[in-house]
Amino acid sequence: MNRARAAADRLARGFAVVVPRRTAAVAAWVRAAEGIGGSLVRVGILLGAALLAWRAVRLWPALLWLAVPALCVAAWRTAPAPAAEADEEAPAVPPVEAIRALLWQLIGDAPGVHLSTVLAHLHKHGHHPTWKVADLRRHLERHGIPVELKLKLSGTPTRGVRREALGAPPPAADRAPSPTASTAV
């Protein structure tokens, strides 16, 4: 990935965090007002501030030369810097068949497997050391493997993959051929 693309990705990730945070903060400020009258006053304050900002930019367009870089700096600081070395050394993402085979291996005879168990297995074998459960969940869902919000195994309900969600188990590679071969076609 070239530097310009990496910088654009970092800015996009930062804006994806900054904008919802600011929106949530403003909404919380409005909701924190006493009664409907207080909320209406605060909405009026926001609308008045937006009108003043719009008029100021119409009168002095150079204000945008200050506002846009300030927003970009906030987004840049919010987004984590990608580790270039980690991307180069990270193991390749396995195909979906390998993911399903691993899940079947970890499920065994149980009705399913918790994502924390799968993640611990991956970390133990040196795969994706920076991943959290949310990263694994997104990865599985991207490959069409549904994740349950509360899969209860051994009394603990947490995110996991149910046996039925995986479909048929993969063929066992270690099965010996039948001593009496069938002639049925």
Side-chain angles (χ1 to χ4, degrees), residues 1-32 68-175:
M1 182 183 298
N2 64 20
R3 287 181 154 201
R5 175 72 181 185
D9 286 346
R10 183 173 177 181
L11 275 177
R13 284 191 314 272
F15 276 114
V17 172
V18 168
V19 171
R21 276 187 192 170
R22 292 296 100 215
T23 304
V26 169
W29 178 71
V30 170
R31 280 192 301 267
V68 171
L71 288 172
C72 288
V73 167
W76 187 267
R77 287 183 177 172
T78 302
E85 303 84 27
D87 287 344
E88 293 170 5
E89 295 173 7
V93 175
V96 70
E97 297 85 23
I99 296 168
R100 287 183 188 277
L102 173 65
L103 290 172
W104 274 110
Q105 174 190 354
L106 294 174
I107 287 175
D109 294 333
V113 64
H114 287 151
L115 294 188
S116 57
T117 304
V118 177
L119 191 62
H121 177 83
L122 290 172
H123 287 172
K124 179 180 172 186
H125 290 89
H127 298 287
H128 309 292
T130 60
W131 274 18
K132 306 283 186 237
V133 171
D135 299 320
L136 177 61
R137 179 189 52 80
R138 281 192 299 273
H139 181 72
L140 291 174
E141 289 174 345
R142 192 173 340 147
H143 286 289
I145 300 172
V147 175
E148 289 216 8
L149 180 63
K150 294 197 178 210
L151 177 64
K152 189 172 185 179
L153 300 171
S154 66
T156 308
T158 185
R159 292 187 192 272
V161 176
R162 199 171 277 289
R163 170 186 288 280
E164 297 85 32
L166 291 176
D174 57 343
R175 286 190 189 152

(request) List for me each residue that meets side chain to side chain contact (heavy atoms under 4.5 Å, CB included) alongside Val17, sequence neighbours excluded, and say none if there are none. (result) Arg21, Thr78
(message) Which heavy atom of Trp131 sits nearest to which heavy atom of Leu119, and what is that distance?
(response) O-CD2, 3.8 Å
(message) Less than 4.5 Å apart, side chain to side chain, heavy atoms only: is that true for Glu148 and Val161?
(response) no
(request) In sequence, state the C-alpha distance, the side-chain angles, and the governing distance for Leu103 and Leu140, and then conclude on side-chain contact (heavy atoms from CB on, under 4.5 Å). (result) CA-CA 10 Å; Leu103 290 172; Leu140 291 174; 4.1 Å; yes
(message) Could you measure the distance from the CD atom of Gln105 to the CZ atom of Arg100? Nearest 0.5 Å is fine.
(response) 16.0 Å
(message) Tell me the closest heavy-atom pair linking Gly144 and Pro146, and the distance in Å.
(response) O-CD, 3.3 Å
(message) Regarding Asp9 and Arg13, does a basic nitrogen lie under 4.0 Å from an acidic carboxylate oxygen?
(response) no
(request) To the nearest 0.5 Å, tell me how far His143 NE2 sits from Glu97 CD. (result) 10.0 Å
When the side chains of residues 106-117 are checked against the rest of the protein, which donor-acceptor pairs come out under 3.5 Å, sequence neighbours left out?
residue, atom, partner, partner atom, Å
His114, NE2, Leu151, O, 2.8
His114, NE2, Thr156, O, 3.1

(message) Measuring from atom CD of Glu141 to atom CG of Leu136, what distance do you get when rounded to the nearest 0.5 angstrom?
(response) 10.0 Å
(request) Could you grab the distance from atom CG of Leu122 to atom NZ of Lys124, nearest 0.5 Å is fine? (result) 12.0 Å
(request) Taking all heavy atoms of Ala75 and all of Phe15, pick out the closest pair and write down the distance. (result) CB-N, 3.7 Å
(message) Strictly below 4.0 Å, N to O, side chains only: are Lys132 and Asp135 in salt-bridge contact?
(response) no
(request) Could you tell me whether the side chain of His139 reaches within less than 4.5 Å of the side chain of Ile99, counting heavy atoms only? (result) yes
(request) Could you tell me which non-hydrogen atom of Arg159 sits nearest to which non-hydrogen atom of Arg137, and how far apart they are? (result) NH1-CD, 3.5 Å
(request) Check the angle between the aromatic planes of His121 and His125 and answer parallel, tilted or perpendicular using the 30° and 60° thresholds. (result) tilted
